[in-house]
Amino acid sequence: MKRLRFSRSLRLRKSADFRRVQQGGRRVVTGELVVVYQPRPDAGPRFGLAVSRKVGNAVVRNRVKRWLRESIRVERGALSEVDVVFIARKGAAVSGLAELRLQVRGALDRIRRALRQKRT
RNA sequence: CGAGGAGACCAGGGGAUCGCUCGCGGCCUCGUGCCGUGAGAGGAAAGUCCGAGCUCCACAGGGCAGAGCGCCGGGUAAUUCCCGGUCGAGGCGACUCGGAGGAAAGUGCAACAGAGAGCAGACCGCCGCGGUCGGGUCCCUGAGCUUCGGCGAGGGGGUCCAUCAGACCUACGGUGAGGGUGAAAGGGUGCGGUAAGAGCGCACCGGCGCCUCCGGUGACGGGGGCGGCCAGGCAAACCCCGCUCGGAGCAAGACCAAAUAGGGGAGCACAUCGGGCGGCCCGUCCGCGCUCCCGGGUCGGUCGCUAGAGGCCGUCGGUAACGGCGGUCCAAGAUGAAUGAUCUCCACCUCCGCGAGGGCGACCAGACGGGGGCACAGAACUCGGCUUACGGGCUCACUCGGACC
RNA sequence: GGGCGAUUAACUCAGUGGGAGAGUGCUGCCUUCACACGGCAGAAGUCACAAGUUCAAAUCUUGUAUCGCCCA
């Protein structure tokens, strides 16, 4: 069985990258998440998180980011050639890991379909 | 057992699997790689309210202005913090709380009410001067008012006292005792005194000032003498007195260094002008000029960046805070920002059922089954404090009340 | 992370120790055939919250909460 990792190489880390994705990318909205993605040919996938202070205090924000990282780690599958930014809404603070994991899976499925359609 | 006050401490634990960040070692296909191994949030990490280290501002200079602090002594790198004490307030008590210098340096403020509110004041009342009038009491009558109980202006009569007293009036004077207003009206009680009064006088009590003695390093406490009631409140009002304070903050600052645009540095000189050194004045430095040189900054990266005024134990000094000496232990460094996820077992709290067991007794204790709960909160340069948030647990001496032996 | 500021009626704001106010909006009446404009009257506030100083606090002091601004 392939091990499920989410190391630093899979993360979006630069301010310029965030700006590029959020300004030029496409948008998918689930219940508590806004997911923005932009294709990036001939490269692996990269994921970024954005949890603002409106979501809660530092403990709550850290918890939401951990839930999202865990969800991405489990659900990302064979996605590639794309940059994705997950933006948490206020309700994410109380939705719990299971709910967020469902929403991440749904958003990633829609991104995969859109990319496949575009390629063909 | 109940109620209460004070201090110290903990911040669920074990196991399995999958992950994240950093250090070290190894491997290769040298990468934002893989493997192994070790470490990985708090008592408040929080608020950013004080104090420091550190870095830059030329040195951190003078005066004014400004800001902060404010009982006394000690601790400390330092403080507005801590410890011990003094005084005041609260509590039966253990104990708690206190921004606690100066209002007999000055300037100011006090709405409304009230006669008068800041070198006070005469509305009612009381007294004196002047004027007018006989007055008290009982009975009858009775305008009017009424809470239907009564209250009663005025008039008539009986009786007592007598030209003193008293009542009324007025325009004057005295009074600060009484009424009433207010948050506050210039000590309290008693006696004397006076036309009436008043600290006007006296005694005691309380407070204040000055002198002096004793105890204490001191704040202050205790005793004696004299004065005299003249001296109200607010300085978290201006202010006065004393002490302290240069500014900014690791996004400080140093180094490496794309694209784009053209500027930048060093030396010498500087009357005026402009700018910097937190504000103003002084002082001082830099620029505009001349000569020489080629690097500077943004994106990004590296350093700063984690071993410290550290914890614990023992001992000595000290009432204590704390300090000296010796031993020992620990020690996250991320940067779109790590310290997590799932499962399981056991603790802890609480509710319901059940109520075994122990004790002479007040009472203790809750086995067993089921349900619920397990807080506040996440390092961002580092320390010392303060403040605020917080479910519960543990421990040590104490206080008050009750019951029992 | 660090440095600052604000909070008063539904909205925008004044008020710097004794009376809580202005404009817009809202409600009612008048005016008009009707509406707008206009006129008159009225309601509406824990002065963000909690302690303290003071006789007295929106105002002064301290703490808490919320919102906003600046520094790469």
Side-chain angles (χ1 to χ4, degrees):
Chain A
M1 172 181 173
K2 185 178 179 356
R3 310 245 316 257
L4 301 173
R5 293 177 168 281
F6 185 38
S7 64
R8 183 155 285 180
S9 59
L10 294 172
R11 293 218 302 275
L12 213 54
R13 300 186 63 199
K14 294 208 165 113
S15 207
D17 291 334
F18 271 84
R19 269 200 300 278
R20 186 170 48 74
V21 172
Q22 291 189 41
Q23 284 172 9
R26 305 183 67 84
R27 193 168 288 254
V28 172
V29 180
T30 71
E32 308 298 347
L33 295 176
V34 177
V35 185
V36 186
Y37 68 97
Q38 187 180 44
R40 196 171 67 114
D42 304 322
R46 294 189 302 180
F47 303 92
L49 307 177
V51 184
S52 80
R53 288 181 53 193
K54 286 178 187 169
V55 175
N57 62 19
V59 173
V60 171
R61 293 200 302 275
N62 275 343
R63 185 161 56 225
V64 169
K65 283 189 271 191
R66 282 163 184 157
W67 286 341
L68 285 174
R69 276 195 297 270
E70 178 69 14
S71 302
I72 292 165
R73 182 174 77 86
V74 176
E75 301 290 345
R76 70 182 164 89
L79 195 65
S80 79
E81 297 190 351
V82 69
D83 284 343
V84 186
V85 172
F86 293 85
I87 303 167
R89 286 178 159 175
K90 227 182 209 169
V94 292
S95 60
L97 174 64
E99 173 62 30
L100 280 187
R101 187 171 160 184
L102 285 178
Q103 294 191 13
V104 167
R105 182 194 296 174
L108 291 177
D109 282 346
R110 288 169 64 183
I111 291 170
R112 254 190 293 274
R113 274 201 303 277
L115 289 176
R116 209 174 297 126
Q117 210 166 32
K118 200 170 180 183
R119 213 171 289 132
T120 55

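All figures in this text were calculated on a predicted structure; none of them were measured in a lab.
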Inset, instruction - Please identify each residue that fulfils side-chain hydrogen bond (donor to acceptor under 3.5 Å, both in side chains) with D109(A), with sequence neighbours left out. - result: R112(A)
Legend entry - Nucleotide forming a Watson-Crick or wobble pair with rG353(B), both distances under 3.5 Å: rC368(B)
Legend entry - Rounded C1' spacing from rA110(B) to rU181(B) in Å: 16 Å
Legend entry - Counterpart base for rG361(B), defined by Watson-Crick or G-U wobble contacts under 3.5 Å: none
Inset, instruction - Take atom C1' in rA50(C) and the same atom in rU387(B), then report the distance between them in whole Å. - result: 14 Å
Inset, instruction - Determine the Euclidean distance between corresponding P atoms of rG68(B) and rA103(B); express it in Å to zero decimal places. - result: 23 Å
Legend entry - G-U wobble or Watson-Crick pairing nucleotide for rU328(B) (cut-off 3.5 Å, both distances): rG311(B)
Legend entry - Pairs where residues 91-104 of chain A contributes a residue and the test salt bridge (charged side-chain N to carboxylate O under 4.0 Å, His left out) is met, not counting sequence neighbours: E75(A)-R101(A)
Inset, instruction - Name all residues meeting the side-chain hydrogen bond (donor to acceptor under 3.5 Å, both in side chains) criterion together with R46(A); count only those two or more places apart in sequence or in a different chain, and write none if there are none. - result: D83(A)
Inset, instruction - Sort out the partner of rG166(B) for me: Watson-Crick or G-U wobble, both distances under 3.5 Å, none otherwise. - result: rC133(B)
Legend entry - rG40(B) and rU48(B), which share atom name P, separated by this distance in whole Å: 31 Å
Inset, instruction - Can you tell me, in whole Å, how much space there is between the C1' of rG242(B) and that of rG318(B)? - result: 31 Å
Legend entry - Who pairs with rC34(B) - Watson-Crick or G-U, where each distance is under 3.5 Å: rG26(B)
Inset, instruction - Could you give the distance separating rA115(B) and rG182(B) at their C1' atoms, to the nearest angstrom? - result: 13 Å
Inset, instruction - Check the chi torsion on rG43(B) and let me know: syn if it falls within 90° of 0, anti if not. - result: syn
Legend entry - Pair assignment for rA100(B), Watson-Crick or G-U wobble, requiring both distances under 3.5 Å: rU86(B)
Inset, instruction - Based on the glycosidic angle (syn within 90° of 0, else anti), state the conformation of rG222(B). - result: anti
Legend entry - V104(A) reachable from L102(A) in the ILVMFWY side-chain graph, under 4.5 Å edges: no
Inset, instruction - Could you list by number each residue of residues 98-110 of chain A showing a heavy-atom separation from RNA chain B of less than 4.0 Å, or answer none if no residue does? - result: none
Inset, instruction - Applying side chain to side chain contact (heavy atoms under 4.5 Å, CB included) between L49(A) and each of I87(A), L68(A), V64(A), report the one that passes. - result: L68(A)
Inset, instruction - Sugar-phosphate means primed atoms, P, OP1 and OP2; the rest is base. With that split, encode nucleotides 337-344 of chain B 5' to 3' as B, S or - using protein heavy atoms under 4.0 Å. - result: SSSSS---
Legend entry - Watson-Crick or G-U counterpart of rG227(B), or none if no pair lies under 3.5 Å: rC208(B)
Legend entry - Spacing of the C1' atoms in rG70(B) and rG101(B) (rounded, Å): 6 Å
Legend entry - Pair assignment for rG263(B), Watson-Crick or G-U wobble, requiring both distances under 3.5 Å: rC294(B)
Legend entry - Pairwise C1' distance, rU388(B) and rG371(B) [rounded to whole Å]: 36 Å
Legend entry - Runs of at least three Watson-Crick or G-U pairs with RNA chain C, cut-off 3.5 Å: C:1-7 with C:65-71, C:10-13 with C:21-24, C:26-30 with C:38-42, C:48-52 with C:60-64
Inset, instruction - Taking the side chain as every heavy atom from C-beta outward, state whether L115(A) and P39(A) have any atom pair closer than 4.5 Å. - result: yes
Inset, instruction - Rounded to the nearest 0.5 Å, what's the gap from OH on Y37(A) to CG on L108(A)? Could you check? - result: 11.0 Å
Inset, instruction - Assign rA41(B) to syn or anti; the rule is syn for a glycosidic angle within 90° of 0 and anti otherwise. - result: syn
Inset, instruction - Rounded to the nearest 0.5 Å, what's the gap from CH2 on W67(A) to CD on Q103(A)? Could you check? - result: 12.0 Å
Inset, instruction - Taking syn as within 90° of 0 and anti otherwise, name the glycosidic form of rG391(B). - result: anti
Legend entry - Atom pair CZ/CZ of R63(A) and R66(A) - distance to nearest 0.5 Å: 9.5 Å
